[in-house]
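Notes follow the structure.
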Amino acid sequence: MSVSTWSLSVDDRERLIQAALSAKGRAYNPYSKFRVGAALLTPDGQIISGANVENASYGGTICAERTALVKAVSEGTKTFVALAVTSDVDSPISPCGICRQFIREFCTLKMPIILAPSLYVAGSGERLIETTVEGLLPHSFGPEHLEMPRKP
């Protein structure tokens, strides 16, 4: 899942990871005890973060990635440069299936996604998984497919 060509600067990558690490500290996770933080980078350099928010009715739970996207979109931001995701797990984790599809709705297939371990050391680049939307969700269905001609 590694991508070798990045349009993301090292400074932006580090800011994004740190924002995701910080966001997980705001998670509401009384049931799973599994904190997740996510952070989106916008083209103008703004970072929008989110944490998972659980609900006693488990289906009402929202993941950190969707929290960040919903916050951004509800404030009028629909274009993103990169996403970082982290948790309390020692190795990087990947977004769940529903989050992958949600990310696909608003992000380009080539957009970088950085998966960071819980104990990521700033500047090390160590143990990161760097991928793309397409890498997480190959052969995906997106908004452009709804515009394709249909046969009666």
Side-chain angles (χ1 to χ4, degrees), residues 1-3 6 8 10-43 45-143 145-146:
M1 274 210 298
S2 185
V3 175
W6 288 93
L8 193 60
V10 173
D11 287 344
D12 280 343
R13 181 183 78 178
E14 294 300 321
R15 281 191 326 120
L16 196 58
I17 293 168
Q18 292 307 313
L21 288 164
S22 178
K24 83 176 172 185
R26 296 185 296 277
Y28 176 76
N29 59 320
Y31 309 108
S32 73
K33 309 290 190 251
F34 193 86
R35 299 183 310 164
V36 179
L40 290 158
L41 179 64
T42 66
Q46 180 184 6
I47 292 180
I48 302 163
S49 62
N52 55 318
V53 179
E54 294 181 349
N55 190 283
S57 171
Y58 294 155
T61 294
I62 185 168
C63 301
E65 301 90 332
R66 286 183 286 144
T67 297
L69 282 160
V70 166
K71 282 173 58 178
V73 171
S74 68
E75 294 298 322
T77 302
K78 296 179 190 152
T79 306
F80 308 99
V81 175
L83 169 69
V85 180
T86 191
S87 74
D88 287 330
V89 176
D90 188 40
S91 59
I93 63 157
S94 183
C96 73
I98 196 167
C99 284
R100 291 175 191 214
Q101 186 63 47
F102 210 86
I103 293 164
R104 170 65 169 89
E105 182 74 17
F106 298 101
C107 304
T108 67
L109 290 172
K110 301 296 182 194
M111 187 188 86
I113 297 180
I114 303 157
L115 308 175
S118 63
L119 299 176
Y120 176 74
V121 176
S124 71
E126 184 180 337
R127 296 179 28 227
L128 293 177
I129 294 175
E130 298 176 337
T131 189
T132 63
V133 174
E134 187 173 43
L136 288 179
L137 194 61
H139 312 291
S140 65
F141 179 82
H145 293 105
L146 295 173

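Atom SG of C63 is separated from atom CD1 of I98 by 7.5 Å, given to the nearest 0.5 angstrom. Annotation: the span from F34 atom CZ to I93 atom CD1 amounts to 4.0 Å, rounded to 0.5 Å. To the nearest 0.5 Å, atom CD1 of residue I103 and atom CE of residue M111 are 6.5 Å apart. Distance CD/E130 to CD1/I113: 12.0 Å, rounded to 0.5 Å. A distance of 8.5 Å separates CG of L119 from OG1 of T86, quoted to the nearest 0.5 Å.
Within the structure, salt bridge (charged side-chain N to carboxylate O under 4.0 Å, His left out) contacts touching residues 80-89 (residues at least two apart or in different chains) are K24-D88, R35-D88. Sequence neighbours left out, the pairs with a member in residues 47-60 that pass side chain to side chain donor-acceptor pair (under 3.5 Å) are R26-S49, S32-E54. Identified under the salt bridge (charged side-chain N to carboxylate O under 4.0 Å, His left out) test for residues 56-81, with sequence neighbours left out: none. Every pair passing ring pair (Phe, Tyr, Trp, His ring centres under 6.0 Å) that includes a residue from residues 83-105 is listed here, sequence neighbours excluded: F102-F106.
In this structure, the side chains of P117 and S91 stay at 4.5 Å or more apart for every pair of heavy atoms. P95 has its side chain within reach of L115: a pair of non-hydrogen atoms, C-beta onward, lies under 4.5 Å apart. Side-chain contact check for L40 versus T77: every heavy-atom pair is 4.5 Å or farther apart. Proximity of V89 to S118: side-chain heavy atoms (C-beta onward) are nowhere separated by under 4.5 Å. You'll find the side chain of T79 stays beyond 4.5 Å of the side chain of C107, heavy atoms only.
Judged as a ring-ring contact (aromatic ring centres under 6.0 Å, His included), and not counting sequence neighbours, Y28 has no contacts. With sequence neighbours left out, A84 forms a side-chain contact (heavy atoms from CB on, under 4.5 Å) with L16, I17, A20, I114. Under the salt bridge (Lys or Arg N to Asp or Glu O under 4.0 Å) criterion, D90 pairs with R127, sequence neighbours left out. In terms of the side-chain hydrogen bond (donor to acceptor under 3.5 Å, both in side chains) criterion, residue partners of T42 (sequence neighbours excluded) are, by chain and number, D44. For R104, the side-chain contact (heavy atoms from CB on, under 4.5 Å) partners at least two apart in sequence or on another chain are Q101, L109, V133, L137, S140, P143, E144, H145. The ring-ring contact (aromatic ring centres under 6.0 Å, His included) check on F80 picks up nothing, with sequence neighbours excluded. Scored by the salt bridge (Lys or Arg N to Asp or Glu O under 4.0 Å) test, K110 finds E134 as partners (sequence neighbours excluded).
The heavy-atom pair separating T67 from G50 by the smallest distance is CG2-CA, 3.9 Å. In plain terms, the two heavy atoms of A68 and A38 that are nearest each other are CB-O, 4.4 Å.
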